[in-house]
Every structure is written in structure tokens, then in C-alpha cells.
Amino acid sequence: MGMGAALLAMVTARAHALPPAAAVAPVAANVTAVSDPVRLPAPGHDTPDSFADLAARLLPAVVNVSTTEMVRPGDEDDDGDEGDSSPQIPNFPEGSPFEKFFHDFMNRQSTPNAPPRKMQALGSGFIIDPAGIVVTNNHVVRNAEQITVTLQDNTVLKAHLLGHDDRTDLAVLKVDSPKPLPAVPFGDSDHARVGDWVLAIGNPFGLSGTVTAGIISSRGRNIEQGPYDDFIQTDAPINKGNSGGPLFNLHGDVIGINTAIFSPSGGSIGIGFAIPSAEAQGIIVQLRQHGKVSRGWIGVRIQDVTQDIADGLGLKSAHGALIAGVEAKGPAAVAHLQTGDVIVTLDGKDIDGRALPRLVAQLPAGSVAHLGIVRHDHPMNVAITIGALPEEKTDKADGKPAQKTPASGSVAVAGLGFTVGAIDDIARQKYNMPEGQKGVVVTGVTDDSPAAERGLRNGDIITEVQQTAVNTPAELKHQIDLVRAQKRRTVLFLVQNSDGLRWVPFPLAESGAHSD
């Protein structure tokens with residue numbers, strides 16, 4: 001995961017298996033009316049005098065979301081980031097009666113014939129429409145058999161799910177109330193700046209109506225939660241149970257939806273993440289209207305242009321999205337985009353590989369977008385008709401253990417630490433390749449070599465070198481020699497394996513390739 005992943009774990013902020021202490025009385029209902037004015041900090045003040053007026057105005061619109069789910073023996077909690085919510089065995093003296101009692105109890109809970117047990121969980125949400133529309137996180141209500149919403153005045157309402165979206169972790173609920181409910185508006189997260197004050201309100205560890213304050217610590221965070229990561233990072237304390245709760249600016253507008261924390265223990269260490277309102281609003285509209293989300297799609301596999309890749313392509317700067325594969329019959333194929341093209345603009349705006357999927361997803365299917373690309377050092381403009389993102393496929397290719405010894409007749413690429421061979425009938429059978437597979441196959445990788453460091457494995461297929469197709473080891477060697485002759489420091493290989501296609505940059509050594 002990076003950022004010290006060996007010590008820290010990303011956890012979604014939902015509370016499980018509430019202890020008795022969670023039954024804490026909510027904040028008093030006699031709060032200031034939603035329409036009351038807010039006392040904001042005077043110009044030039046570094047710190048607001050108080051958040052009390054703002055909190056009093058916003059609290060009635062923030063709700064507790066409670067779910068009930070039946071968990072059967074052998075079922076696994078698919079909320080992998082949550083951590084283990086089951087009870088832990090205390091450290092009793094070895095061989096003591098207490099130790100035996102608790103071990104027997106835990107074994108009975110995990111036996112295959114044990115009866116299903118009911119699990120309750122709490123999260124947070126907020127009302128965006130007086131008619132009873134509530135926004136929360138998808139992971140708060142996922143798999144729930146019953147959902148209830150508790151208002152600030154302790155009113156409990158049954159809720160039903162209007163729609164949910166796994167990719168952005170958003171869900172929309174509907175509750176029926178005899179009177180209009182207090183609601184809060186969305187603000188423009190695009191204008192929120194690092195250092196701005198924010199308030200988080202939610203239900204951490206079952207403590208309803210908890211208000212915490214902090215600042216925006218960073219923007220545009222990618223935490224590897226999905227293809228559209230663009231999170232707001234905040235140091236406002238966020239804990240389990242805050243999931244789905246709002247992140248407010250000092251005008252009382254929702255600029256984010258709290259969804260995850262970065263923590264070694266599940267508690268706040270001042271690193272929390274919220275979905276920006278600019279991204280969430282369009283998703284919420286679709287969930288309210290259709291119960292699902294339709295996204296734009298152009299049918300390419302892309303990766304960021306790193307400095308090594310830019311050097312290999314002769315680009316002036318490391319920016320843009322490098323196409324590593326084009327979906328057959330997809331919009332990109334129809335528009336004649338090619339593997340190796342670098343997309344640098346979308347409708348006139350500069351983009352990178354991480355932002356492109358999110359920006360394309362926001363475009364309606366059937367609309368026409370204009371891409372600025374670079375192909376073999378030549379800038380081009382391409383019009384492309386946006387398609388609809390297909391449903392996710394679940395096929396998984398079978399992985400075969402890599403062989404340590406290179407095949408006979410292989411060619412070593414000196415200085416890069418791997419050997420390649422021609423794709424013949426023996427290679428097709430050994431590596432389970434389809435008929436007609438093009439390229440050269442990797443037959444050996446040296447430990448601690450540049451190839452090993454870049455994740456190259458036996459059975460990987462190199463289909464292009466420097467955007468030129470190669471089908472024999474001799475062609476691969478020739479292309480590397482051409483790159484060396486151009487005095488470039490990096491050579492690019494297009495590598496295909498069970499995960500798909502990707503461009504892999506290699507630093508060039510002085511020596512060439514030779515036959516084993």
C-alpha cells in the first residue's frame with residue numbers, strides 16, 4: 001500500500017459489535033433552528049472564537065445509521081479494512097479454568113453447526129432533502145437486512161436503500177417522516193483549500209452527535225481504494241462509526257463524506273479521508289433517480305507517465321496518461337487510438353493517468369470528447385465518442401509458478417537481468433498461451449536485477465519495444481540497439497501477463513544482448 005504499510009492499515013470508519021457503553025444519550029434536542037445565522041471568525045483571526053453556533057445549526061441534519069445483518073458460520077466479513085470485530089480472548093494464566101472456559105466458548109462460536117447470529121453495526125449519515133433523503137457510505141449498509149436511521153431528537157425511522165455504488169463507496173437511503181426534516185446543502189469542494197477549517201460530525205464508536213474540528217490537510221489523495229480516488233485528507237478526528245458522516249466547511253456546506261482513516265489501531269491518528277462533494281453530487285443524483293450509476297468509458301488501459309517513461313519516449317515532461325492497451329471494438333479502438341499513445345489533455349484540460357478514469361467516468365455516454373495525444377513525438381487531436389462502462393468481469397487467469405531456469409535457446413538481455421525466447425508450440429503449452437499470440441516470452445529473470453525489481457516474471461510476454469512490435473529475440477535486440485544509438489537512457493517494453501498490459505521502463509546498460 002505504501003506509506004509504511006507494514007505498520008499502518010487502512011480501515012473504513014464503521015463501528016461493529018457495539019459495547020454497552022455505546023448506549024450514550026444523544027445531544028439534547030433543543031438545538032438552534034437550522035436557519036439560524038452562524039458566527040464566523042472575523043477577518044484576520046487565525047482560529048474561530050467558537051464552533052458552537054455552527055455545530056448547533058448542523059447537528060439536527062446528521063443522523064445515526066444502524067444496520068442489522070445475519071452472520072452465518074463460515075461467512076467472512078468482506079469489509080477487509082475494518083479489522084477483526086469479533087471478541088478477543090483475554091490473557092489468562094496458561095492452564096487456568098478461565099482460559100479453558102473462553103477457549104471453549106470461542107470454539108463453539110466458530111463451529112460449522114453453530115446457529116446464525118445477528119450482528120449490528122452503526123455508521124453515520126446526513127439528510128440532504130427535507131423529504132427524507134439520507135446520504136451515507138456503501139460499506140455502512142452493504143449486506144444489511146434492516147436499516148434504521150436515528151435523528152438528533154432520538155426519533156427512530158426505518159430506512160430503505162434507494163441505490164448504492166461500490167466504486168465510490170456511496171449509498172442513498174429514504175426515510176418516511178410525518179414532517180419535513182432538517183437538511184444540509186452541498187458546497188463546492190473544488191474551492192476548498194489546504195489549511196481551511198472543517199468540522200466532522202458523526203457517530204464514532206456509537207457516541208452520537210460527536211463534533212470534531214480540524215483542517216484540510218491535503219487534496220487529491222489516492223489511497224488505493226478504487227479507480228476514482230480523489231480524497232480530501234483531514235486531521236479532524238475521524239473514527240469507526242464516522243463513516244458516511246459529513247465534512248463541513250465554516251459556511252455549513254458539506255464538502256466531503258467521511259469514508260476512511262489511516263491508522264495502526266483503528267483509532268484516529270489525525271489522518272482521515274473524505275469523498276469530495278464535487279465527485280459525490282453527480283453520483284448521488286444518479287442513485288436517487290436510477291438506483292445505480294452509469295459512467296463514461298473509452299476502453300483503454302492506461303498508466304501514469306513517469307520520468308523514466310518520459311525519457312524513454314523522448315517527452316519534454318513527465319505528464320499525461322500512457323495507453324498500455326486498447327479494448328477491441330471499444331470507443332478508443334473506433335477512434336483509432338493506439339498502444340503507446342500518450343493522452344495529455346481531455347477537452348483542453350491537462351490530465352494525468354490517475355485523473356483520466358475519473359474525468360472520463362463523469363462524461364455521459366454518447367457525448368463526444370476531444371483528446372490531445374502525442375504519438376511518436378507528434379501532437380494530435382482525436383475526437384472520441386464516450387461509451388458506457390461495461391459491468392465488471394470476474395474472470396481470473398490461472399497463474400503458473402515461474403521457472404527459475406531459462407529455457408534452452410533463450411536470449412539474455414545483458415544488463416537488464418532477463419532472458420527471452422521465441423513463442424513456439426512448446427512455449428504456448430508451457431505458459432498456456434492462446435493461438436496467434438505475438439511477441440517474445442520471458443524465460444528467466446535474475447534475482448536482484450532491474451527486471452526483478454520491475455516485477456518481470458517467467459511467462460510474461462513482451463509485445464513491443466519502444467512502441468514497435470517485436471516477435472523474435474533478434475527483433476527485440478535490434479530495437480534496443482536502436483534506442484542505444486539514439487543515446488536514450490531508458491527503453492520501454494510493453495509487457496503482457498495475466499493482469500493485462502503495462503509499459504515497463506528499463507535503464508539502458510552499455511552492453512547488448514547475446515545468445516545463451
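In what follows, every heavy atom counts, from backbone to side chain, and hydrogens, waters and symmetry copies are set aside.
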* To do: Show the numbers, then the answer: is there a side-chain contact (heavy atoms from CB on, under 4.5 Å) between Phe493 and Trp503?
  => CA-CA 6 Å; Phe493 296 141; Trp503 287 99; over 6 Å; no
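Ser124 places no side-chain N or O within 3.5 Å of a backbone atom of Gly202 that could act as its donor or acceptor partner. In terms of modelled atom types and a separation under 3.5 Å, the side chain of Asn239 and the main chain of Ser268 share a donor-acceptor contact. Distance alone, capped at 3.5 Å, is enough to place a donor-acceptor pair between the Lys174 side chain and the Ala131 backbone. Side chain of Asn137 to main chain of Gly244: a donor-acceptor pair is present (N/O by atom type, distance under 3.5 Å, no hydrogens or angles). At least one donor-acceptor pair closer than 3.5 Å links the side chain of Ser277 to the backbone N or O of Ser189. No side-chain donor-acceptor contact under 3.5 Å links Arg489 to the backbone of Asp311. Of the possible polar contacts, one joining the Thr306 side chain to the Ile309 backbone as a donor-acceptor pair under 3.5 Å is found. A donor-acceptor pair under 3.5 Å is absent between the side-chain atoms of Gln479 and the main chain of Gln466, judged by distance alone.
A side-chain N or O of Gln233 and one of Arg221 form a donor-acceptor pair less than 3.5 Å apart. Using a 3.5 Å distance cut-off with no hydrogens or angles, the side chains of Asp169 and Thr259 do pair a donor with an acceptor. Of the N and O atoms on the side chains of Asp166 and Asn138, at least one donor lies less than 3.5 Å from an acceptor on the other residue.
Contact check on Arg295 versus Asp165 returns a salt bridge, with a Lys/Arg side-chain nitrogen under 4.0 Å from an Asp/Glu carboxylate oxygen. Salt-bridge formation is detected for the pair Asp129/Arg288: a Lys NZ or Arg NE/NH1/NH2 atom is positioned less than 4.0 Å from an Asp or Glu carboxylate oxygen.
Both tests pass for Arg454 against the ring of Phe506: distance under 6.0 Å to the centre and angle within 45° of the axis.
The environment of NE2 in His191 is sparse: at most 12 heavy-atom neighbours from other residues, nucleotides or ligands sit within 6.0 Å.
Taking both residues in full, the closest heavy atoms of Ser243 and Thr136 are given as O-OG1, 4.1 Å, listed atom of the first, atom of the second, then distance.
The list of side chain to side chain donor-acceptor pair (under 3.5 Å) pairs with a residue in residues 332-347, not counting sequence neighbours, reads Asp341-Arg375.
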